[in-house]
S.K.: 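I'd like to ask you about the structure that follows.
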Number of protein chains: 2
Amino acid sequence: MDSALTFPTALRELLRTHQTFLSYAASHVHTLDLTLPQFDIIITLGNTAGINFKILGEKTLITKGTLTGVISRLEDKGLVQRVASETDGRSQIVQLTEAGKDLYQRTFPEHLAFIYRIFNDYSPEDIATLEATLLRLRKAVIAARSNESEQLVEETDQ
Amino acid sequence: MDSALTFPTALRELLRTHQTFLSYAASHVHTLDLTLPQFDIIITLGNTAGINFKILGEKTLITKGTLTGVISRLEDKGLVQRVASETDGRSQIVQLTEAGKDLYQRTFPEHLAFIYRIFNDYSPEDIATLEATLLRLRKAVIAARSNESEQLVEETDQ
DNA sequence: TATTGTTATACTCTATAACTATA
DNA sequence: TATAGTTATAGAGTATAACAATA
């Protein structure tokens, strides 16, 4: 036991929980011959008419330079396509192709089912509680991140 | 097509929560000039006398080939050192150097404090509930992972 | 001038397999 | 034969900055 630590060690487990979960989720995604960022793009585009690079990057937390490469690889796989924006000549819309839509509709429920195996011993109420807990956590992280970036903006001069 | 999703879309938020959290945690770790896997090694080695590659890989979910590179980079930074095992000629023990211990003792509490900013609006009971929820989730993921593949990772409780 | 997306660079992580040296 | 760790390889993501086209 780490009794020397003055901070709750359970928070170390929080980090480990996230890591373990991501590793588990990735093991399914890799069976689709996709990376986690690539699958993230697919499910973000799912059930939309297309999203431009700027918004897509904000939603997936992938910076623009990286996003160009990720989208190009998905394009090479025939899963997404670039379409010029009609309202802004600088902007490119990223859409799922028909193959991409097929993949999304086939694998997203499959992915959720894979995730659901985790919850064998959970009651429906347990799952609802977990989802509410995580949603609140997500909002709290976003709030903290906002405060952080404000501080970073203030510190940009070093 | 709107009824195509038979699974709660809230689980999509679960993925996003993990991602958002990791991104937030990474933003602090990067200020230490460390990557997330490197920091993971540091906090795993913290308050231990050293761990060999095999166990270290199991704890951090980094495969051996990758681990060699990660440890070498940390060695280049003077934060860890390799020590030959006295009982097994094949085995290398990885330890924090004095600089590594300093870093750990200075930054782990700092990291937890950074994480704690998320919980501004949480009561102590809320935090306890969240920790219990996540610990249960972690155990459930490990159980699902065990069922999924034959290569079981022996988890040591802390 | 500011913004959108691309290109270029250098680094790190990842998975995999072949390899060595011990056991 | 099996195991612990290294090396080699190819691919992918990351941050960062410079850049072109458009607003």
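To find a chain, count down the sequence lines: A is the first, B the second, and so on, and within it residues start at 1. These numbers come from the heavy atoms of this one structure, side chains and all, not from hydrogens, waters or symmetry mates. Remember, it's a predicted structure, so these values are computed and weren't measured experimentally.
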S.K.: Test side-chain hydrogen bond (donor to acceptor under 3.5 Å, both in side chains) on A:R82 and A:S72 and set out the steps.
M.R.: CA-CA 9 Å; A:R82 287 170 164 92; A:S72 294; 3.3 Å; yes
S.K.: I need the CD1-C1' distance between B:I71 and D:dG5, as an integer number of Å.
M.R.: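 Value for this atom pair: 12 Å.
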S.K.: Measure from NZ or CZ of A:R117 to the centre of the six-membered ring of A:Y24 and say whether it is under 6.0 Å with the direction within 45° of the ring axis.
M.R.: no
S.K.: Mind calculating the distance between CZ (B:F53) and C1' (D:dT6) to the nearest angstrom?
M.R.: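 Spelled out: CZ on B:F53 to C1' on D:dT6 is 9 Å.
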S.K.: Quick check on DNA chain D: between B:I93 and A:I62, whose nearest nucleotide comes earlier from the 5' end?
M.R.: B:I93
S.K.: Verify the contact: side-chain N or O of B:S91 to OP1 or OP2 of D:dT3, cut-off strictly under 4.0 Å; return yes or no.
M.R.: no
S.K.: C:dT6 P sits how many Å from A:K54 NZ, rounded?
M.R.: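 To the nearest whole Å, that distance equals 14 Å.
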S.K.: Round to the nearest Å and state the distance from A:Q92 atom CD to D:dA20 atom P.
M.R.: 18 Å
S.K.: Please examine the side chains of B:V94 and B:L45, heavy atoms only from C-beta on, and report whether any two atoms are closer than 4.5 Å.
M.R.: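 Counting from C-beta outward, B:L45 and B:V94 do come under 4.5 Å.
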S.K.: Can you build the contact string for nucleotides 16-23 of chain C? Use B for base contact, S for sugar-phosphate-only contact, and - for no protein heavy atom under 4.0 Å.
M.R.: B-----BS
S.K.: Suppose the criterion is ring pair (Phe, Tyr, Trp, His ring centres under 6.0 Å): which pairs have a residue in residues 34-70 of chain B, not counting sequence neighbours?
M.R.: B:F39-B:H111
S.K.: Looking for any heavy atom pair under 4.0 Å, which part of the strands does B:T68 touch: base, sugar-phosphate only, or nothing?
M.R.: base
S.K.: Please lay out, stage by stage, how A:N52 and A:Q92 fare under the test side chain to side chain contact (heavy atoms under 4.5 Å, CB included).
M.R.: CA-CA 5 Å; A:N52 72 22; A:Q92 295 283 321; over 6 Å; no
S.K.: Write down the distance between CG (A:L34) and C1' (D:dG11), rounded to a whole number of angstrom.
M.R.: 14 Å
S.K.: Hey, mind stepping through B:R136 and A:D126 against salt bridge (Lys or Arg N to Asp or Glu O under 4.0 Å) and telling me if it holds?
M.R.: CA-CA 11 Å; B:R136 182 182 176 190; A:D126 288 340; 3.3 Å; yes
S.K.: Let me know the distance between CG of A:L67 and P of C:dT7, rounded to the nearest Å.
M.R.: 13 Å
S.K.: How long is the line joining CZ of A:R82 and C1' of D:dA21, in whole Å?
M.R.: 15 Å
S.K.: Rounding to an integer number of Å, can you tell me how far B:D33 CG sits from D:dT14 C1'?
M.R.: 14 Å
S.K.: Name the residue closer to the 5' end of DNA chain C, choosing between A:I55 and A:H30 according to the nucleotide with the nearest heavy atom.
M.R.: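 Whichever sits nearer the 5' end wins; that is A:I55.
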S.K.: Which heavy-atom pair separates A:I42 from A:Y104 by the least distance, and what is that distance?
M.R.: O-CD1, 3.8 Å
